[in-house]
Amino acid sequence: KQWSSQQAAILFGNVLSRTDNYTELSAFILQGFQCNAAGKLSAGQLSSLVREVKMKNANLSDGQLSCAARLLANHNLDANFTDYPPDVLLFFPLDQVDGANCERFYSLASQGDLSLLANGSAQRTRLLENALRCFGVGNSTALRKEHLQHLGAFVCDMDASVINDSDPEVLQNLKLCPELSNSQVMALNTRLSSGTPPYNAPESWNDSTLEDLGPLAFYINRSIWNRINGQERVAFFRSLSDAYDGQSAAQKEK
Amino acid sequence: ATEECQSGPITASTLEDPLFIILYDSAGQFDACLDKEVLRGSLATLLEQPLPNDYLVVMKRKLDELYPSGVPEDQLRLLGFLAHQYNAEEIRRWNVTSSDTLAALLNPDNGAWDAAPLRELVARYIASGGTLSNPILDLLGGVYLCYLGEDQLQQINPEAIRNAEKLDISTCPQSKKDILYGKASTAFSPEEGTSPYYSLIQPYLGGASAEDLKKLARSQVDMDINTFLNLNPEELQALSVQDVRGLLGVNLPDLKGAEREPSVAGWIRRQYQSDLDTLRIGLTGGMPSPLPTGSSNDRVNAS
């Protein structure tokens, strides 16, 4: 059944007490993860439960993820972090991430939904600092392609100067950001208007270039829009209008 | 309209082009070319267009001219985000007799309501005999529930809360949290003491008394830190170190990260440092204990 998260939360304790074959549990049930019920599981049961959350791509809240991460750490289960959803890794106690595995850990964690952690929170700040130290980036704002491919959404919290100083791959990282700051939007427009790869001069863009920009297209300023061929712009808006058909007014307005 | 229509009148067939708005590229032209009868007949289609605000102002003025005594209920359902152009006074002239109309007007896709117009909207629904049943509570959600007046909240039947989805009331003022907690604890009292009870009552704990929180502390609920920080600050001050350990359980270490929150800082200042040390999470700022090796039991014996 497509249980709501509220219903699943009520069922969760009873379900855990009736089975420990968690592959039977749907994502609808798993989204009901309750800290007090999971706290009663053995290490093996807990590990396979969190693994199932990953397999079924169940959606957990920040409170549930934080509890799961703490229970795994309490059971010393954080070593096999590759089995767990990236969102859980965002909440891991970072002092227990050892140097040998840090690259693997932080590139997996960077695939998590960073907006689960409050902007400027201690955990979010330490995640970025540790990841940069782990990949040997230090304070540099000129990130190479291989760095960027590992850092994922962590780049969203970096200084806007990274956008113009780094490899063009940085635009793929920016697409992961829930929101861009004003300084990041200015830096993005500076980079796009410069005509450098991968998109080159706006005059050469067509509607598939705009589509490839994904969410970044909504940050383009007026002077860049005016350099884009008129028909390509209208074609882009028509494809957008179809793509957003049935979407909310707020999204259409953007 | 203040200018001549140059791009040809807007008709039902013009509206079939999803981007017809490109032809009417100013609110003045939109006003000049839009006939009120076309608006009456194609309100929903028009509102599917990504219309800028000044176009909506034109549409609202024409609707006011069409319906001087208030928009009829069948058209209210089609208003969508245009409904947010109406203030509380104008909404007072609406007839909202069915929950379908209220549902259409509360659709989150069409933008957010401010408190005053939202309160008036719900008042119109209740005045027409509507009740705040659980589907309506689900529609309102936590934020809008907090906009309602205390008199409106008092009318909620506990049964409606029992069957409603999770309602986040964290944005409510304390007095409203207390009312809603009272309703919720009545609604879920049959489940008290069973494992689902905590997940049912948790959204409403912002209105819980210290006495009820102490009861919860004895049933290993592993409260998350956000719920803890949303407890009534005055009731929180009455909790002991053992109560807090019992409430937070496995999430206790999160208290260290929240020690500067006003309610937590105030609570820490009221505890003996020796008691805080038993939590072993590095909390500081407690009162010096009266006895060199005092623990809470000794303190009890001493008093």
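By convention in this document, chain letters (A, B, ...) are assigned in the order of the sequence lines, proteins followed by strands, and residues within each chain are numbered from 1.
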Which of the residues B:P253, B:G249, B:G257 is involved in the greatest number of heavy-atom pairs with chain A at under 4.5 angstrom? B:P253
For A:Q7, side chain to side chain contact (heavy atoms under 4.5 Å, CB included) partners two or more places apart: A:W3, A:S4
Kindly check if the number of other-residue, nucleotide or ligand heavy atoms within 6.0 Å of CG (A:N226) is above 12? yes
Report, by ascending residue number, the residues of residues 36-43 of chain A in heavy-atom contact with chain B at a distance under 4.5 Å; give 'none' if the set is empty. A:N36, A:K40
dist A:S61:OG -> B:K166:NZ (nearest 0.5 Å) comes out at 7.0 Å
For A:A9, is it the side chain, the backbone, both or neither that has a heavy atom under 4.5 Å from a heavy atom of chain B? both
Residue A:F12 versus chain B: region with a heavy atom under 4.5 Å: neither
Looking only at heavy atoms, the pair that brings B:V250 and A:R70 closest together is O-CD, 2.9 Å
Within a radius of less than 6.0 Å around CD of A:Q231, do more than 12 heavy atoms belonging to other residues, nucleotides or ligands occur? no
Within a 6.0 Å radius of atom CG on B:D138, are there more than 12 heavy atoms belonging to other residues, nucleotides or ligands? yes
Under 4.5 Å heavy-atom distance to chain A, tell me which part of B:N251 shows up: side chain, backbone, both or neither. both
Cut-off 4.5 Å, heavy atoms of chain A, and the answer for B:N107 is neither
Of the backbone (N, CA, C, O) and the side chain (C-beta and beyond), which part of B:A112 lies under 4.5 Å from a heavy atom of chain A, both, or neither? neither
Show the nearest heavy-atom pair for residues B:S199 and A:Q34, with the distance to one decimal. CB-OE1, 3.4 Å
Heavy-atom pair count under 4.5 Å with chain A, highest-scoring of B:I225, B:V221, B:N226, B:D224: B:V221
Check against side-chain contact (heavy atoms from CB on, under 4.5 Å), B:D222 and A:C67: CA-CA 9 Å; B:D222 291 327; A:C67 171; 5.7 Å; no
First locate atom CD1 of A:I10, then atom OH of B:Y197, and finally report the distance between them rounded to the nearest 0.5 Å. 12.5 Å
